[in-house]
Amino acid sequence: MRWKEVQDRFPEEWVVLEAKKARSEGGKRYIEDVIVIDSFADSTSALHRYSELHREDPGREYCFFHTSRPELIARERYVGVRGPR
């Protein structure tokens, strides 16, 4: 589903998404195609659902956004690898 479709279906809501098609460029993540997992009226509930999904399957690309955002672009996050302590 494209971002415009999500905005039309879930106006003024927080949505938890799974990115199905995305690309990285210049330190930003451009998310082009998504699956809506859940929607919420508040960011706290969306964050809890996102965290739950990420714990269950960290290999999938989950995110959450408010549908008032004009574009679906996120800052790229880099996760380091910890060495032995």
Side-chain angles (χ1 to χ4, degrees):
M1 181 180 292
R2 299 284 183 181
W3 183 235
K4 180 67 177 138
E5 293 173 86
V6 175
Q7 290 173 308
D8 290 345
R9 283 193 184 175
F10 303 95
E12 296 302 316
E13 291 187 49
W14 286 91
V15 288
V16 178
L17 310 167
E18 180 180 358
K20 297 312 285 179
K21 182 180 179 187
R23 62 184 167 80
S24 297
E25 189 176 300
K28 294 184 180 179
R29 191 78 174 143
Y30 294 86
I31 303 167
E32 299 169 7
D33 193 31
V34 297
I35 295 173
V36 177
I37 305 292
D38 232 329
S39 66
F40 299 93
D42 64 280
S43 61
T44 303
S45 298
L47 173 62
H48 287 302
R49 180 69 172 131
Y50 161 80
S51 298
E52 175 184 278
L53 289 166
H54 185 68
R55 271 192 311 274
E56 289 174 8
D57 195 347
R60 295 176 110 163
E61 188 172 0
Y62 295 111
C63 51
F64 68 100
F65 292 94
H66 194 269
T67 56
S68 64
R69 289 179 70 118
E71 299 176 296
L72 201 53
I73 301 172
R75 280 183 285 131
E76 187 114 75
R77 290 179 32 179
Y78 296 98
V79 179
V81 178
R82 286 189 176 174
R85 293 183 180 201

To the nearest 0.5 Å, how far apart are [atom1] in [X] and [atom2] in [Y]?
X	Y	atom1	atom2	value
S43	H48	OG	NE2	9.0 Å
K20	I35	NZ	CD1	4.5 Å
D42	H66	CG	NE2	10.0 Å
E25	E76	CD	CD	10.5 Å
I37	L17	CD1	CG	8.0 Å

So, the side chain of [X] versus the backbone of [Y]: is there a donor-acceptor pair under 3.5 Å, distance only?
X	Y	value
R60	H54	no
Q7	T67	yes
W3	I31	no
E71	Y30	no

So which heavy atom on [X] is nearest to which on [Y], and how close?
X	Y	value
D33	R2	OD1-N, 4.1 Å
A41	W14	O-CD1, 3.8 Å
V15	S39	CG1-CB, 4.0 Å
F65	A74	CZ-CB, 3.9 Å
V6	V36	CG2-CG2, 3.8 Å

* Is L53 close to D38 at the side-chain level, that is, under 4.5 Å between some pair of heavy atoms? ->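 No, side chains not in contact.
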* Flag if over 12 foreign heavy atoms under 6.0 Å of CZ, R23 ->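 Result for CZ/R23: enclosed.
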* **Over 12 foreign heavy atoms within 6.0 Å of CZ, R9** => no
* Asked: Is the F64 ring parallel, tilted or perpendicular to the Y50 ring (thresholds 30°, 60°)?
  ->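 Tilted.
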* Asked: Any salt bridge between R55 and E52, counting N to O under 4.0 Å?
  ->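 Salt bridge: no.
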